[in-house]
Asks: 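Quick one: this structure, given as structure tokens, is what I'll be asking you about.
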Amino acid sequence: MGGKDFRLTHLDKLYFPEPGYTKRDLLAYYLGVAEFILPFLKDRPLVLHRFPNGAAGESFYQKDIGEGAPEWVHTFVIPSESSGRDTRYYVCDDLATLLHLVNLGCIEQHPWPSRIDSLEKPDYVFFDLDPTEGYEFDTIVAVARRFLKELDAIGLRAFVKTSGSRGIHLWLPLERRYSYEQVRTFAEIVARVVHDAMPEETTLERMVDKRPKGSISLDYLQNSFGKPLATVYTARPRPSATVATPLSPA
DNA sequence: GTATGGG
DNA sequence: CCCATACAACGCGGT
DNA sequence: ACCGCG
């Protein structure tokens, strides 16, 4: 693969026991959608969420490529504010890297919403509509439509995808002119407008156990430096092996 | 998932 | 040889 | 400073 050697291991390991999908199946999936997912990974630091023993097993997040990564992988070094050390992030720019990551047990792909040539300036803002226990899917749809309506009212057209778990993500491309803080503030304003319009159906409460049952949590805080978002076509570590899927808002 | 070290 | 263990994130906001 | 959250 372009002289980029790597080894695919444990191909028969069951990654999704319920439907019976193995790591080989997951690799085949990503091979099939590579041409669609790679453009969303290009030039972005990637946060890995690894499940070496499948979707139901123990998992961990990984930012630094660590030891033993192929020498040809593209990386981007970002100083960690808290630890003071440098972190060498993966940047997945090609199929070989994508499949290498899947081999590590990286079921999900979580790129930053900013690109390495302008890290401090996100090129999209997103809204994570996350349902609480006992929700109705119709409620999420109604809340998503309200977001689209409010954004349309100020001349903005957002894109929609299923998160692949239970919720819906909306995202809006931005010129790279605004800081994370500015983008987060904008997201908060829009979320408050929607919450004021649908106070029963939505919540801005951060504490999980204080959210009204059945309400949709509007999480705008994730629009922050170093905080990634599960991207389009990424597989999710759910028992049924769901996938984040772009939707037409029609 | 992989590298390492002990039994 | 095989098993056990170590290791693999961090920013934001509320208190 | 620490904790909950994603």
Side-chain angles (χ1 to χ4, degrees), chain A residues 6-15 22-24 26-27 44-71 73 75-90 97 99-114 119-120 122 125-133 163-169 171 179-188 191-192 203-211 215-231 234 236-238 244:
Chain A
F6 62 105
R7 186 169 291 269
L8 300 178
T9 57
H10 306 285
L11 292 179
D12 292 316
K13 184 175 277 195
L14 260 187
Y15 263 33
T22 62
K23 189 205 264 187
R24 173 183 283 102
L26 184 62
L27 285 160
R44 300 173 190 279
L46 202 58
V47 175
L48 313 187
H49 192 189
R50 293 179 53 188
F51 297 75
N53 293 301
E58 292 291 297
S59 75
F60 56 91
Y61 288 89
Q62 180 174 349
K63 294 184 174 177
D64 195 275
I65 64 168
E67 303 299 318
E71 75 288 345
V73 295
T75 61
F76 190 77
V77 176
I78 303 173
S80 164
E81 295 179 21
S82 57
S83 78
R85 300 197 314 273
D86 283 346
T87 302
R88 292 165 301 162
Y89 284 79
Y90 277 100
T97 304
L99 297 183
H100 162 66
L101 294 174
V102 175
N103 186 62
L104 293 178
C106 187
I107 294 176
E108 310 186 279
Q109 309 300 335
H110 291 233
W112 284 30
S114 53
L119 267 192
E120 304 282 349
V125 56
F126 60 91
F127 306 93
D128 182 3
L129 281 49
D130 188 29
T132 63
E133 203 61 39
S163 77
S165 291
R166 298 177 308 163
I168 281 182
H169 294 162
W171 81 99
S179 69
Y180 273 97
E181 183 180 358
Q182 289 173 314
V183 168
R184 182 165 63 247
T185 299
F186 171 75
E188 176 178 359
R192 290 190 184 283
T203 179
L204 299 174
E205 175 58 52
R206 279 222 306 151
M207 291 295 195
V208 168
D209 52 19
K210 288 185 183 170
R211 293 175 187 164
S215 65
I216 308 303
S217 168
L218 309 181
D219 182 4
Y220 54 84
L221 275 178
Q222 199 72 4
N223 290 280
S224 298
F225 185 81
K227 301 273 213 148
L229 178 70
T231 191
T234 197
R236 306 309 300 271
R238 311 280 297 177

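We name chains A, B, ... by the order of the sequence lines, and we start the count at 1 in each one. Just so we're clear, the structure is a prediction, and the values are computed from it rather than from any experiment.
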Asks: Between D:dG6 atom P and A:Asp209 atom CG, what is the distance in whole Å?
Replies: 11 Å

Asks: Using atom P in both nucleotides, what's the gap between C:dG11 and B:dG1 to the nearest angstrom?
Replies: 28 Å

Asks: A:Leu27 CG to B:dG1 C1': how many Å, rounded?
Replies: 13 Å

Asks: Between N or O atoms, less than 3.5 Å apart, protein on one side and nucleotides 3-8 of chain C on the other: list the pairs.
Replies:
none

Asks: Output the distance between atom CD (A:Glu108) and atom CG (A:Leu101), rounded to the nearest 0.5 Å.
Replies: 13.0 Å

Asks: Could you tell me how far apart A:Ile65 (CD1) and B:dT2 (P) are, to the nearest whole angstrom?
Replies: 16 Å

Asks: Roughly how far apart are A:Asp86 CG and A:Ile78 CD1, rounded to 0.5 Å?
Replies: 10.0 Å

Asks: Using a cut-off of less than 4.0 Å, is there contact between a side-chain N or O of A:His110 and OP1 or OP2 of D:dG6?
Replies: no

Asks: How would you label the contact of A:Tyr15 with the nucleic acid (heavy atoms, under 4.0 Å): base, sugar-phosphate, or nothing?
Replies: sugar-phosphate

Asks: Does A:Arg7 reach a base, just sugar-phosphate, or nothing at all? Heavy atoms under 4.0 Å.
Replies: nothing

Asks: Using a cut-off of strictly less than 4.0 Å, decide whether A:Ser165 has a side-chain nitrogen or oxygen near OP1 or OP2 of D:dG6.
Replies: no

Asks: Between A:Phe6 and A:His100, how do the two ring planes meet: parallel, tilted or perpendicular, split at 30° and 60°?
Replies: perpendicular

Asks: Can you name the residues that form a salt bridge (charged side-chain N to carboxylate O under 4.0 Å, His left out) with A:Arg211, not counting sequence neighbours?
Replies: none

Asks: Pairs under 3.5 angstrom, nitrogen or oxygen only, protein versus nucleotides 12-15 of chain C, please.
Replies:
from   : atom 1 : to       : atom 2 : distance (Å)
C:dG13 : N3     : A:Arg206 : NH2    : 3.2

Asks: Heavy atoms only, 4.0 Å cut-off, all strands: where does A:Val47 land among base, sugar-phosphate and nothing?
Replies: nothing

